[in-house]
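Read the numbers this way: they start at 1 and go in the same order the structure lists the ligands and their atoms.
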Amino acid sequence: MLQQAPRFHAADAVRLARDLYGIAGAASALPSERDQNFLLETATGERFVLKIANATESREILEAQNAAMEHVADLKLCPRVQPTVDGHQIAQTDSGHFVRLLSWLPGVPLGGVESRPQTLLEDLGTKLGQFSHALADFDHPAIRRQFYWDLSRGFEIVREYSPLIEDPGVRGFVRRVVGHIEARDGDRLLSLRTSAVHGDANDFNVIVEGSQDLQVTGLIDFGDMVHSWSVAEPAIAIAYAVLDRKDPLDAACSIVRGYHAAQPLTPDEMAVLFALVKLRLCVSVCVAAQQQRQRPHDAYLSISQGSIHRTLPVLAAIHPDAAEDALRTACGLHAIHAITPAPMNVTLRERRERLGPNLSLAYTDPVKVARGWMQYLYDDRGRQYLDAYNNVPHVGHSHPRTISAAREQMRALNTNTRYLHDTIWRFAERLCSTLPSPLSVCYFVNSGSEANELALRLACAYTGARDVVVLESAYHGNTTTMVDVSPYKFNGPGGAGQPDWVHVAPIPDDYRGPHKRSDPDAGRKYGDAVGDLVSDLRARNERIAAFICETCPSVGGQIIPPSGYLATAYAHVHKAGGVCIADEVQTAYGRMGDAFYGFESQGVVPDVLVLGKPIGNGYPLGAVVTTRDIAASFDNGMEFFSTFGGSTVSCAAGLATLETVLDEDLQAHARRVGARLLAGLDALATRHDVVGDVRGRGLFVGVELVRDRSTLAPATTDASRIVNTMRERGVLLGTEGPFHNILKIRPPMPFDERDADRLLELLDEILTP
Ligand code: PMP
């Protein structure tokens, strides 16, 4: 793909100018990627650009460029081709290189201008719009070509070259961004207008002039001309103009305002414009990676990469709907995604009056959210928050793949499991392919609570027993039975105490509990405590139906049990004929980084697996996966039916979410980002005494705050203050654990290295007295 630019010297340029064009002048080299360009200056001060194209460049492409420049000549924005003394538009050197002489446009490249006010950007839009308008009826066979900078081939280029991006964080990020674009806008992109585009209105190809008010006076370098989406023209210009700006969306708005006035965009073009800006930058990262492999020491190839790496994440953090509306309103069109929130006091009052009084609210100053996108939430005034807490939007808030799968299925059919349909078995099959083989039978329900209820029913049916062993501080759901098996509830405020059929085992907390992390046998000891309860039952001639626990207790305080814990506990339970239920409502789907499910890192396989929150990415969905034997025991004549569970729409949402987790390789992402986050938190622990313990895996992290490292007195007030201050500063966390002194970091999975650094920096600042 990469062509070596020809290697002529200034003296050659002088000679070519004299011999071919009869012009005597001095030559100096100008920068370029594919061609070699020289500025020619005559003794009278007349200037030209001598362009020597690569010998492998096709003559037809150069003819197309010349024809396009001629086509738009009336605009006086582009160079004109100067014929040779023999009247040719294109000459050829002895070595076969094509040579052209172009008029020089006065001014300086936009890239060399420090201050770029919105007026200048609007002017850029206007001139580009005028250019597009003039070029709209231009065509040439040579521009209907396979060309890697053709934005309409962007997805293909990213697929092909993104594997060459060395940094796994950048590689994953680029792929996710492009995946989101494909899922959200793929259909619309198929029907966009196409036309000839210049295709490279970057800072160095846009010429500006003026002493006070700079104006765009030229557009040069037609080397990337191609027949493509017409809207690629402003998208590419915006992509470069917004780099390293503090106000990229405002800058984009200024350009599009000017452009749209000169060359109106269709609603679909307006809808995809912002996405195409991002796509262009992603393509640029991929092409740079490819070129770098070929020419590792060529600085020109990576000229924009630093600013792209800084700016792309800023663009990716803007909600696409908000961006579309901003661009539309800049052009005088009405917003189509506008949200009109009620005033805060009305919302608070009405919520108080109309809703159950024991709904709780996060933060002293509650956040009124209006939108979500990936790892970000936006309040009703458009303020962006980094969401480091919500695990339900596992693949990201408003992930377009889940949305479009659910929307398309909702449009086609939404019905229950009493009819045959393919989505349910496809989802079940895909789900089971992520699990060890004994877990092969699925039930779909609507929530984690419902899934745990069913898990318990399965255990009771299989064992004919009723007693259940649970963990201290555990929470498994909001139904009557789930409250009964949740010490966090029955021992908490308003709780009715422990039912006689429920037995509470100590939480395997190797920081605060009796067996510490320093004890290599801690896992077995905590596991034996489950065995003790099982033995007590047997001594009373009672039998255990189930041992239910989160594989890494989250509600109990983001606990990572010491190794050997579940293996020991499960062995005791199995020996007594009980069923082991793994509540993976919080830990499933790669969050733990080193494993797709929490139980894997403990080296066990549960008999019943419970899934909830993340698996529908916000669509209400829970699942229970069990063994064939247990499922058979439950098939006792009573029908199992959940009206909404396993509905066609919930399975479509579930399948799309699971495929996204796998396609985006979010488990590896969680492992990488989590390692960085944990290392950063460990470093904070060395500087701040209040940080008693840092624990976690992947993007499942807890920071336990203590007033005294020897007594472990919980720093509950500090935890609350920190979480509220972080919220004020734009980062959302929660607290967890029996003393509410553990900072809970459990973000949507797209949360990345930059987000981790931002969180760490802010936390460090807040912890510093
Ligand atoms: N199990 C665990 C571990 C949970 O954290 C929760 C919810 N916090 C549930 C079950 C209940 O899930 P749901 O709220 O979807 O009923």
Novice: Could you tell me whether Arg418 sits above the aromatic face of Phe641, with NZ or CZ closer than 6.0 angstrom to the six-membered ring centre and within 45 degrees of the axis?
Specialist: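 Yes.
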
Novice: Identify, for atom 10 (C) of ligand 1, the protein heavy atom at the shortest distance, and state residue, atom and that distance.
Specialist: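 Checked against all protein heavy atoms, atom 10 (C) of ligand 1 sits closest to His476 O, 3.3 Å.
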
Novice: Before accepting this row, confirm whether a basic side-chain N of the pair Asp484/Lys489 lies closer than 4.0 Å to the acidic partner's carboxylate O.
Specialist: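 Looking at Asp484 and Lys489, the cut-off is not met.
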
Novice: For Phe634 and Phe640, take the angle between the two ring planes, folded into 0 to 90°, and tell me which bin it lands in: parallel under 30, tilted 30 to 60, perpendicular over 60.
Specialist: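 The rings of Phe634 and Phe640 sit tilted, inter-plane angle from 30° to 60°.
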
Novice: With atoms numbered from 1 as shown, which atoms in ligand 1 lie under 4.0 angstrom from a non-hydrogen atom of Glu550?
Specialist: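 Close to Glu550: 3 (C).
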
Novice: Quick test: of every protein heavy atom, which one is nearest to atom 1 (N) of ligand 1, and how far off is it to 0.1 Å?
Specialist: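 Here the closest protein heavy atom is Asp583 OD2, 2.7 Å.
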
Novice: Check step by step if salt bridge (charged side-chain N to carboxylate O under 4.0 Å, His left out) holds for Arg746 and Glu736.
Specialist: CA-CA 11 Å; Arg746 186 197 50 179; Glu736 196 61 278; 5.5 Å; no

Novice: How does Met482 reach ligand 1, by side chain, by backbone, by both or by neither, if only non-hydrogen atoms under 4.0 Å count?
Specialist: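 It is neither part, as no heavy atom is under 4.0 Å.
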
Novice: Could you check atom 5 (O) of ligand 1 against the protein and tell me its nearest heavy-atom contact, residue, atom and distance included?
Specialist: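 The closest heavy atom on the protein side is Gln586 NE2, 2.7 Å.
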
Novice: Which residue in the set Glu350, Arg349, Arg354 passes side-chain contact (heavy atoms from CB on, under 4.5 Å) when paired with Arg352?
Specialist: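 So the option named by the test is Arg349.
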
Novice: Please list, in number order, the atoms of ligand 1 under 4.0 Å from a heavy atom of Ser447.
Specialist: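 Listed by number with element, the hits are 15 (O), 16 (O).
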
Novice: What protein heavy atom lies closest to atom 16 (O) of ligand 1? Include the residue and the distance to one decimal.
Specialist: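 Going atom by atom, the protein heavy atom closest to atom 16 (O) of ligand 1 ends up being Ser449 OG, 2.4 Å.
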
Novice: Determine, considering heavy atoms only, which of Lys613, Glu453, Glu450 sits nearest to atom 8 (N) of ligand 1.
Specialist: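 Considering heavy atoms of Lys613, Glu453, Glu450, the nearest to atom 8 (N) of ligand 1 sits in Lys613.
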
Novice: Is a salt bridge present between Asp718 and Arg721, judged by a nitrogen-to-oxygen distance below 4.0 Å?
Specialist: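 Salt bridge present between Asp718 and Arg721.
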
Novice: For atom 4 (C) of ligand 1, which protein heavy atom lies nearest, and how many Å away is it?
Specialist: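 So the nearest neighbour among protein heavy atoms is Val585 CG1, 3.7 Å.
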
Novice: Check ligand 1 against Asn452 and write out every atom of the ligand that is under 4.0 Å from a heavy-atom position of the residue.
Specialist: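 The list of qualifying atoms is 1 (N), 10 (C).
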
Novice: Are there more than 12 heavy atoms of other residues, nucleotides or ligands under 6.0 Å from atom NZ of Lys516?
Specialist: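 It does: Lys516 NZ has more than 12 such atoms within range.
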
Novice: Between Asp510 and Arg695, is there a side-chain N and carboxylate O pair less than 4.0 Å apart?
Specialist: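 Salt bridge: no.
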
Novice: Can you check which of Ser554, Gly448, Gly556 brings a heavy atom nearest to atom 13 (P) of ligand 1?
Specialist: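 Result: the heavy atom closest to atom 13 (P) of ligand 1 is in Gly448.
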
